[in-house]
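In what follows, every chain begins at residue 1, and chains take the letters A, B, ... in the order their sequences are listed. In this text the structure is predicted, and so the values were computed from the model without any measurement.
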There are 2 protein chains.
Amino acid sequence: MAPKLVYRFEEGGENMRSILGGKGAGLAEMTRIGLPVPPGFTISTQACIEYYKQGKKLPPGLWEEVEEHVKGLEKATGKEFGGKTNPLLVSVRSGAVISMPGMMDTILNLGLNEDSVQGLYAQTNDMRFALDCHRRFMQMFGDVVLEVDHDVFEEILVKQREAEKVKFDYEISVEGLKKVIAGYREAVKEKAGIEFPDDPMEQLKMAVEAVFRSWNNERAIVYRKINKIADDLGTAVNVQMMVFGNMGFDSGTGVMFTRNPSTGENVLYGEYLVNAQGEDVVAGIRTPKPIAQMPEDLPNTFEELKRVAAVLEDHYKEMQDMEFTVEHGKLYMLQTRTGKRTAAASLEIARQMVKEGRIDKREAVKRVKPDEVGRMLHRGVDPNAKLEVAGEGLPASPGAAIGTVVFNYKKAEEMGSAGQKVILVRPETKPEDMPGLIYAQGVLTSRGGMTCHAAVVARGMGKPAIVGCDDLHLDIENGKATIGKAEIKEGDVISIDGSTGNVYIGPVPLVEPSVSGAFQEILEWADEIKRLGVKANADTPQDAKKARELGATGIGLCRTEHMFMAADRLPVVQEMIMATSVEERKAALDKLLPMQESDFYEILKAMKGYTVTIRLLDPPLHEFLPSTEELAVKLAEMRYQKASASEIARVENTLRMARELHEANPMMGLRGCRLGILWPEIYEMQARAIFQATARLFKDGFTDVKPEVMIPLVGEANELELNREMVVRIAQEIREESGMDFPIVVGTMIELPRACLTADEIAKHAEFFSFGTNDLTQMTFGYSRDDAEAKFLHMYLEQKILKENPFQVVDRKGVGKLMDMAVKLGRATRPDLVIGICGEHGGDPESVEFCHIVGLDYVSCSPFRVPVARLAAAHAVLKNG
Amino acid sequence: MAPKLVYRFEEGGENMRSILGGKGAGLAEMTRIGLPVPPGFTISTQACIEYYKQGKKLPPGLWEEVEEHVKGLEKATGKEFGGKTNPLLVSVRSGAVISMPGMMDTILNLGLNEDSVQGLYAQTNDMRFALDCHRRFMQMFGDVVLEVDHDVFEEILVKQREAEKVKFDYEISVEGLKKVIAGYREAVKEKAGIEFPDDPMEQLKMAVEAVFRSWNNERAIVYRKINKIADDLGTAVNVQMMVFGNMGFDSGTGVMFTRNPSTGENVLYGEYLVNAQGEDVVAGIRTPKPIAQMPEDLPNTFEELKRVAAVLEDHYKEMQDMEFTVEHGKLYMLQTRTGKRTAAASLEIARQMVKEGRIDKREAVKRVKPDEVGRMLHRGVDPNAKLEVAGEGLPASPGAAIGTVVFNYKKAEEMGSAGQKVILVRPETKPEDMPGLIYAQGVLTSRGGMTCHAAVVARGMGKPAIVGCDDLHLDIENGKATIGKAEIKEGDVISIDGSTGNVYIGPVPLVEPSVSGAFQEILEWADEIKRLGVKANADTPQDAKKARELGATGIGLCRTEHMFMAADRLPVVQEMIMATSVEERKAALDKLLPMQESDFYEILKAMKGYTVTIRLLDPPLHEFLPSTEELAVKLAEMRYQKASASEIARVENTLRMARELHEANPMMGLRGCRLGILWPEIYEMQARAIFQATARLFKDGFTDVKPEVMIPLVGEANELELNREMVVRIAQEIREESGMDFPIVVGTMIELPRACLTADEIAKHAEFFSFGTNDLTQMTFGYSRDDAEAKFLHMYLEQKILKENPFQVVDRKGVGKLMDMAVKLGRATRPDLVIGICGEHGGDPESVEFCHIVGLDYVSCSPFRVPVARLAAAHAVLKNG
């Protein structure tokens, strides 16, 4: 026997969502729990999958099954499909497992033909109504199923209106409608090359196939691509007896949420129309009324709806989004599904449902999506402000920013470093624009997709970005541009909202993000559930403070190179690099020591009670010098300008050193612990600064500060052993000098494949591991991040060569395998090894889940991602135990 | 009971080498098989190891054991240690497991004092002889054991010679020798602060401790470091009854090889002195005679020696290097060990021993070291030429070269590319010198060690190099230098021998390497044993031909980028890169197509019968353009020189493109299959060229050509799938066009960690894997090879942070683990997957062994390394089965 492919609503339920689709499962579930649902049946997703397997042919046996169900429906309703007296009319609706736009629209009134239209007239005693139904059905069917252009039908309708000199369709006369129907028949014959089908079963078959076909229409494919929905799920088809909301003033139609989807407030929320079909609302002919007014028009229905809402919430334990129709005072439910809502509403509803005893805290936490929460953690445009949108682009990196327009990175750097707020506006950005991106408040580009350079870099920096803004037309040479109709020039102020993609001329009012109320409460519940610790990456006392406020319990990565870049320090750093002897270098380092010590003092103090993991200098030293190209060009120019010999000599000297330090692939060159081994004075100074600060804090009474020293870029146990010995030696010296008995903890970053492969040996010398997944991803893939994102990664994502950007989401297959290996090998050597992650992945929910699965102890991420990580860590427990 | 630490010669044997050391084991073995050996005993290496464990103290019980053995020796010889009438005198010699210089020299005549010297006189009736023995003993002991400077004793001796007005020590009178002895006693008292010890047991104890101490003297440590000998093996001490070769004309001493160590000819080879001790030979006072003359002087001894040599060769199945002394006509063997020999002799001896039935072919193959053979595969300085060495440096890369001296890379490039032979002479080289290195015949530097940039690059290129040449003093500004006493200037011709480190002024006669005679025969035996195939990396028909001659059975890597670099092609390649549309690019590619096709035609033809694995374009495109810096400087200059607008625009355009292609880390950027995916036209052209050449060869009757297409830098299965589809599509097209049914084989390089980690998925689309261990090593370690070798790798090797340069020897712990994983995962998907290696490691014996162990099918290396790899592959079987 062939497998069952069609299910009566009575046979299904929510647990069959994967074969009935979302809509079908909802209808079945409502039927099952006794809510009023017009009878019908669902053709399963399996039928659609088979349809494609058979090369776009209905699977054998399907149609016989459908025919039987139609008979069953006739029996249940006492109506006849296409009948002359009491005709059964149906709606046909697509219904995928995951709701998605772009698929075939609803077809209403299917089953109408010259015969049954008479039956409909007989039932309603309203010929105009019956004919209008027929006309609408033909139009929908012709457009959607027969693929005759929508305009063809519209034109016939317009002509008839003009002939009768009326304004609206509903003013067309009975005779006129008959002419329209005749016109439609002609048009279909001409355009589609077939007679319009009048046999109801044929209509149904064609509609079902059209639904199946629509699964692979262009819009649906694009939607699935963007939303990462598998292409082989297929869609179900729902066939349901028609009910009519336009049968008089005791009839109506509407949509409703069980709670306010913007705020989460526990009140019915939605709108309805009396004597109307859903289509009328869509057509915009009449304005629907808010549901709060319903007691005036349809008091009984309102009470019934309240009851249904309560039943559904009790049943689903979730806020529902419902469609309904009232036919002669009788309420019919046409759909129910979990209601979409704002992040704020999501939090509020979850909190309330816990208070109401509907769900427990675990469920409440589960309901709140980490990504949703992420969007709340940016400054946003005040939702209450009335604003005019000048243009729209892709919302590439969330948050809002206001600034002066600049068209090139040099200007951005110049103005930005002077403390001015600028927005970098470019056709697109490239790695050379980095200085501009660093100093800009946000970025706006006319080209590029969600993974273009500007988008990726901005997300990485947590800066607002809008890319691919078609409304933006640049004329950079003349320092101007247009956004939509507005002209802007360099120096004008604009505002961008990276969460929505909206661009505004001039400044707009902003609101600051905050973690309070329901947000705060749910995060606390998440903390009770999660196993992973959540720390923050922070390089300054300000960041450390902010991270603490957002719930970070420690600093997982404090980068010391940022401290070297400050304007008052860079000259000293350059002095250190240009030193021609160890003595000269030490002299420069001696100047840096008190600066670093005071940095560490403040950060450790701000994080007292928690660990602060300080990474010793990581980047190659040439990053602190001008580029060789810049210097070489300068030199060539100076010679032509007849500069003094001593000036030339000075630049020559810098160029010589820059060349000496120059590397073909600096990412894989003299950096990290390699520096520490070649130029030990630098790490020694840093170790001294850390422990002198610690000793001073102990003396000042802060005995709960917990510094940890992290050695970067270890690939071989011996590297760590050497550096560890140095750190411990210096710490011991300072312990003796100061008499303070502070802790000495040394660990390493695991960011090279070889570190993972030899983690058992490395663990001998490490008290903790911290995965540097940025570098680990670079080395595992052989991708230089900047180059890859600028050159080919966008294409890899577009062509689905890679499913995710591995710099955003941990690549479980490759990088993850290495991480898993490192955890196992490391713990085999040292069972109490503390293991965390401090790459940017630490703030990505999928990656946090992976960290949970492989058994890490903590994740560390940007301060503003801390709440996201807390929630994701709880979700990881809820999903994986 | 304490473990036994001392062994009589009778108790030991060759199988106890690890505890008796090489010398002790040889003496024991000779004793065991009945050869005449003066009696004695060996203090084991274990005693030395214990000595260091105890903090440089003799282990408990050792001395009691030694005392017992001395008593045993007295009993066996009937002599008394330090006795007045028939004194037992002994020699004390160090003897490590692996023979090494730098340790304590022999001490002869130990046991002499004022008493026993009388006994010696009594025995020999020669007071001068007895006193001279005493004097020599004191001098050796004072120098080596008491660490009194050698010159102190020499001065006393000189004074006595002057006082007696004689020229040689042996002319000093008996009274004079007594004065000398008295003087030595004084000197020791003054310099060492102790009385010269006269108690024989005390002398012995001090000598033994001195041997132990010498294990860790500076020279020994350096030697072990260079030769990778473990520091904890310890040395044994041999104590043996003295025999005297200087007791008249029926006495003598000598050293002898059982065969000629230069040529391998089967004749006794060595030298001897009548009436002399070994010391006299060393001192250079008398010139020893060749062993061939011995029948004249000591006919019986010669016959006895022939017998001993035969016994030893029969016993050891190896050519022996022996020391002997004849005392009053009686032959005593003092040492035997496997004789050192030239590579040529090694091959010849192994071949002969097989013919003689002494060893089998497997053993013969085992005897020949792959590295040894490697040295034979370079052009060398004619060993028969009489030449004057001008200076010496480290032999960094073997082979000899003759060329004109140039002092900078630009000149080297200029002259070299014009076809002149040049030697690049620099203080040291850096990555920027690469163009010069490419065009030079060889390189000579005054600084650097065996792993400096010049050394590493030259070895990689198979070019002769001498580095760290202290005799070279450069005055580059004035275009001159001195080598030893000779002055050279730019334009002079010099010759360098990278196998010996010798520098010569002017040209020297060279000999070409060849594989013939014993070499050829043994390689054939190796081929019978080995399991791994050996292919070559070759990019030209010439290289392919050479590789075939050297025994390669295929080309494992044919790089196509070298074909792009040729002078007539580079402009077309640049045209292709600068193209502003796909059409323009295709037009340029159309010009390249016939050139590539003819390359492939010739190479495939040269390798007919074997596979030729052709790698599609790998390097980033900017490698084919001038650098941005070069262009930017040029542009700045042109502007000042008021160049025409069109010229400026042209350079600007090139600069713009170079900038666009510029990457921060090109090694990890847009290269390999990433290029093939972004600019598919390029790979399509290459695939077309390969298969058009194949079709043409088939038409021309060469139906046994076997091209394989290799996609580089795959990190994700989808990349390979895409490219594979393209290659197969084009091959099918050409099959149809031509009607030729040639094979289509597509595989990939495994050179990224992620490729290893996901090899199961990649294998779905690959018929073969080829490990690109150069890149795999770079990514696994996070080392950019050029940068690492220029900046820090030498220090890592010096400090033993890494035991080996991972770019020379496969890093088994890290890279090897990934390789093993890839092999297992790949074969799990596709059991018949062919797996090879084409990184430079394919020619390194240790790495070849690893490839055998993990189950690869073949290795591929430079043509001139093919014989080395063949031998190494056989060794891998012999060692691992």
Seminar exercise, completed: Between the CZ atom in B/Phe792 and the CZ atom in A/Arg671, the distance rounded to the nearest 0.5 Å is 10.5 Å
Exercise. For A/Tyr796 and B/Glu716, what are the C-alpha separation, side-chain angles and deciding distance, and is it a side-chain hydrogen bond (donor to acceptor under 3.5 Å, both in side chains)?
Worked result: CA-CA 11 Å; A/Tyr796 269 41; B/Glu716 158 58 47; over 6 Å; no
For this session: Against chain B, label A/Asp775 side chain, backbone, both or neither, depending on which of its atoms sit under 4.5 Å from a heavy atom there.
Result: neither
Exercise. Is chain A contacted by the side chain of B/Leu635, its backbone, both, or neither, given a heavy-atom distance below 4.5 Å?
Worked result: neither
For this session: Mind ranking B/Glu663, B/Arg674, B/Met667 by heavy-atom pairs under 4.5 Å with chain A and telling me who comes out on top?
Result: B/Arg674
For this session: For residues B/Lys813 and A/Arg754, determine if any side-chain heavy atom of one lies less than 4.5 Å from a side-chain heavy atom of the other.
Result: yes
Exercise. Can you tell me how far CG of A/Asp811 sits from CG of B/Leu757, rounded to the nearest 0.5 angstrom?
Worked result: 8.5 Å
For this session: Taking only Lys NZ, Arg NE, NH1 and NH2, and the carboxylate oxygens of Asp or Glu, determine whether B/Arg639 and A/Glu637 approach each other closer than 4.0 Å.
Result: no
Seminar exercise, completed: Okay, A/Leu661 and chain B: the region with an atom under 4.5 Å from a heavy atom over there is backbone
Exercise. Any idea which of A/Met821, A/Lys634, A/Met779 has the most non-hydrogen atom pairs under 4.5 angstrom with chain B?
Worked result: A/Met779
Exercise. Got A/Met668 and B/Phe781 here, is their nearest side-chain heavy-atom distance under 4.5 Å?
Worked result: no
Exercise. Given that the side chain runs from C-beta out, which part of A/Gln778 has a heavy atom under 4.5 Å from chain B: side chain, backbone, both or neither?
Worked result: both
Exercise. Out of B/Gly814, B/Gly782, B/Pro666, which one racks up the most heavy-atom pairs below 4.5 Å with chain A?
Worked result: B/Gly782
Problem set entry | Pairwise distance CD1(A/Ile677) to CD(B/Gln799) - rounded to 0.5 angstrom | 7.0 Å
Exercise. Quick check: does any side chain N or O of A/Lys791 sit under 3.5 Å from a backbone N or O of B/Leu670, one acting as donor and the other as acceptor?
Worked result: no
Exercise. Heavy-atom distance under 4.5 Å between the side chains of A/Leu722 and B/Ile801, does that happen here?
Worked result: yes
Exercise. Do B/Asp787 side-chain atoms and A/Ala664 backbone N/O form a donor-acceptor pair below 3.5 Å?
Worked result: yes
Exercise. So do the side chains of A/Glu629 and B/Val633 get within less than 4.5 Å of each other, counting heavy atoms only?
Worked result: no
Problem set entry | Side chain / backbone / both / neither for A/Ala788 at chain B, heavy atoms under 4.5 Å | neither
Problem set entry | Pairs of heavy atoms under 4.5 Å with chain A: top-ranked of B/Glu721, B/Gln641, B/Lys817, B/His662 | B/Lys817
Exercise. Considering only heavy atoms from C-beta outward, does the side chain of A/Lys800 approach that of B/Asn718 to under 4.5 Å?
Worked result: no
